[in-house]
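A note on names: the letters A, B, ... follow the listed sequences, proteins ahead of strands, and every chain is numbered from 1.
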There are 2 protein chains.
Amino acid sequence: MAVCAALADEELSELDKIMTSRHLAPNEMLVSEGDPLHRTYSLTAGMLRLSIALPDGRRQITGFLLPGDYLGLADEDVHSSTAEAIGSVQLCSFSTREMHALMERYPKLKDRLHSFTRSALRQARDNQMILGRLAPVEKLASFLLALSARAAEHKLSANPLSLPMSRTDIADYLGLTIETVSRSFTKLRNTGMIRLPDPQTVELIDMSALEAVAGINVH
Amino acid sequence: MAVCAALADEELSELDKIMTSRHLAPNEMLVSEGDPLHRTYSLTAGMLRLSIALPDGRRQITGFLLPGDYLGLADEDVHSSTAEAIGSVQLCSFSTREMHALMERYPKLKDRLHSFTRSALRQARDNQMILGRLAPVEKLASFLLALSARAAEHKLSANPLSLPMSRTDIADYLGLTIETVSRSFTKLRNTGMIRLPDPQTVELIDMSALEAVAGINVH
DNA sequence: CGAAACATTGAGCCGCGTCAAAACGTGTGG
DNA sequence: CCACACGTTTTGACGCGGCTCAATGTTTCG
C-alpha cells in the first residue's frame with residue numbers, strides 16, 4: 001500500500017489502527033461531488049474513475065485511480081469530484097480527522113501525501129495539453145502510453161494493457177464521443193501500432209510510433 | 001505577499017533573509033520546461049503564463065498566475081512548464097534548498113504551500129472540464145468568470161476586468177484558435193452579457209446569464 | 001436461445017479551424 | 001499634427017473533421 005511506503009513499523013501499526021477496509025461492486029459510487037469530506041481512501045485493488053458533471057449531464061473524467069493511488073488529495077472540506085468503482089474495488093478508508101492527527105505525528109506521512117498531490121497536479125496539467133491541443137488519435141495514443149506507464153509503476157501489466165473502463169469512460173476522459181474513440185482505436189489498429197484481442201485489452205506493438213503520434217508528451 | 005500570510009514576525013524575517021527580488025520585462029521568460037528546479041517564486045505584481053509546448057509548436061497554457069500565487073508547486077526536480085511574464089512582472093525568488101530548510105523549521109509555511117498545491121490541483125481539474133466538454137462560448141464565459149473571481153480574491157478589480165494577456169494566450173488556454181476566441185467575445189457582447197471598452201478590458205454585465213452559459217462550474 | 005449492453009461502422013451535417021482580408025490601435029518619424 | 005507602418009483584433013468565406021443519428025456486429029448473461 002503506497003501511502004505507507006515511507007513509514008516505519010511503529011507508524012505503520014498506527015496507520016493500521018485508524019484504517020478500515022472496504023469493498024465496492026462494479027459501478028458503485030464511493031463519493032459524490034460536493035459530499036462533505038469525512039474520509040479519504042487508498043486504493044488497494046481495482047480502478048476508480050474521478051469525474052465532474054455539468055447540470056445538463058455532460059461529464060468529464062478527470063482521472064483514473066490505480067492501486068496505490070490516494071483519493072481526497074485535492075479537497076479541502078468537500079469532495080470536488082465523484083468517485084466510482086470501475087470493476088470490483090478494494091480500498092482502505094481513513095477518517096480525515098484521524099488521518100490529520102497522524103500526519104501531525106509522522107511528518108513523513110504528510111510529505112508522502114503531498115508528494116502524491118504534486119504528482120497529481122503534474123498529471124492534471126499534462127491532461128490539459130491532451131484535452132486542449134491534441135487530435136483524437138493523438139489523444140488516444142497518449143492515453144494508452146500514459147496508462148501503460150502508470151500500470152508499470154503500479155506493478156501491473158504494462159504491455160498487454162488492460163482497459164477495464166468502458167469506451168464511454170475513455171471518451172469522457174479525452175473529451176470525445178464514443179464513436180470517435182472507437183474510430184481512433186481502429187486507426188491505430190489499421191496502422192499496426194496496436195492490436196485489440198478484445199475491446200478491454202490492447203497490445204502496444206509499435207511504441208515509438210505511438211510516442212510520435214502522442215507528441216511524446218507523456219512525462 | 002501570500003506565502004507569508006500564515007507566518008509570525010520571526011518567521012517572516014527568516015523568509016525575508018533568503019528572498020531576493022526580481023523584475024521581468026513583458027514577455028520575458030522566467031523558466032523553461034525541463035529546467036532544473038533551483039529556485040521557486042512568489043508573484044508580487046503583474047501576471048505570468050504557464051505553458052507546455054509540443055514538438056510541432058502547439059502550445060497549451062495551463063494557467064495564469066496572479067499576484068500572491070506561487071510558482072513551482074507541482075515540480076519535484078525540474079520545471080514541468082514554461083513561465084513567462086505577460087506584462088511587467090515583479091516577484092520574489094527563493095532557493096529551493098533554503099526554502100526547504102525553512103519549511104522544515106516552520107511547518108506552517110509548509111502547510112501553506114501544500115494548501116496552494118491542492119488549490120492548484122482543483123483548478124487544473126476544473127480546467128479539464130472546461131477544455132474537454134465546453135463549447136467555445138461556454139469556455140470563454142467560464143474563463144471570464146473564473147478570472148474575475150480570482151481577481152477579487154487577489155484584491156484586484158473584479159468587474160471592469162483587465163485582460164493583460166493576448167487573444168492568442170486566451171486561445172491557447174481554452175484550446176481554441178484566436179479567431180474562435182474573438183468570435184466568442186463578439187457573441188457574448190451581442191447578447192449583452194459583456195461590454196468590451198477595449199480588447200484588454202471586459203465589463204461583466206449580466207453575471208447570472210454568464211454563469212448559466214458557463215454551466216456554473218466556477219466553484 | 002433471446003435479450004441487453006457494449007463496441008464498431010456508416011452516412012450526413014454542422015461547427016470550428018483554416019486561410020484571407022479588413023479594421024483598429026499604437027507608436028514613430030516626417 | 002498628420003501620415004504611415006506595424007501588431008493585434010475582428011470579420012468574412014470556405015472546407016474538413018468530429019459530432020449526431022442510425023444500423024450492424026459482438027459479447028455476456030439470464
Are there any protein N/O atoms within less than 3.5 Å of an N/O atom in nucleotides 21-23 of chain C, and if so, which ones and at what distance?
none

Whole Å only: how far is the CZ atom of F185(A) from the P atom of dT8(C)?
7 Å
Has R167(B) got its NZ or CZ under 6.0 Å from the middle of the six-membered ring of F185(B), at an angle within 45 degrees of the ring axis?
yes
Between dA7(C) (P) and L188(A) (CG): distance, integer Å:
17 Å
What integer distance in Å separates L163(A):CG from dA7(C):C1'?
13 Å
At under 4.0 Å between heavy atoms, which parts of nucleotides 13-30 of chain D does protein reach? Answer with one letter per nucleotide, 5' to 3': B base, S sugar-phosphate only, - none.
B----SSBB---------
Those residues that, when tested against R195(B), pass side-chain hydrogen bond (donor to acceptor under 3.5 Å, both in side chains) (two or more places apart)
E203(B)
Partners meeting side-chain hydrogen bond (donor to acceptor under 3.5 Å, both in side chains) with S51(A) (sequence neighbours left out)
none
I194(A) and L204(A), any side-chain heavy atoms less than 4.5 Å apart:
yes
Quick note, side-chain hydrogen bond (donor to acceptor under 3.5 Å, both in side chains) partners involving residues 183-193 of chain B, not counting sequence neighbours, are none
Residue list, salt bridge (charged side-chain N to carboxylate O under 4.0 Å, His left out) with D172(B), at least two apart or on another chain:
R133(A), R59(B)
Over how many whole Å does the gap from D198(B) atom CG to dT9(D) atom P extend?
11 Å
Reckon R167(B) has a side-chain N or O less than 4.0 Å from the OP1 or OP2 of dG7(D)?
no
Enter the inter-axis angle for the ends of the helix from dC1(C)-dG30(D) to dG30(C)-dC1(D) (five pairs per end, rounded to 10°).
30°
What pairs with F143(A) under ring pair (Phe, Tyr, Trp, His ring centres under 6.0 Å), at least two apart in sequence or on another chain?
Y173(A)
Output the rounded distance in Å from CG (L196(B)) to C1' (dT9(D)).
11 Å
I need the CG-P distance between D169(A) and dC6(C), as an integer number of Å.
10 Å
Of all residues at least two apart in sequence or in a different chain, which pass the side-chain hydrogen bond (donor to acceptor under 3.5 Å, both in side chains) check with S119(A)?
none
Residues in salt bridge (charged side-chain N to carboxylate O under 4.0 Å, His left out) with R49(B), at least two apart?
E84(B), D169(B)
Could you pull out all residues at least two apart from D56(A) that satisfy side-chain hydrogen bond (donor to acceptor under 3.5 Å, both in side chains)?
R58(A)
Look at all strands and tell whether S166(A) reaches a base, only sugar-phosphate, or nothing, counting heavy atoms closer than 4.0 Å.
sugar-phosphate
Tell me whether the OP1 or OP2 atom of dT11(D) has a side-chain N or O from R189(B) closer than 4.0 Å.
yes
CE of M165(B) versus C1' of dT8(D): gap in Å, rounded?
16 Å
Interatomic distance where CD1 belongs to I178(B) and P belongs to dC19(C) [whole Å]
12 Å
Sequence neighbours excluded, which residues qualify as ring pair (Phe, Tyr, Trp, His ring centres under 6.0 Å) partners of H79(B)?
none
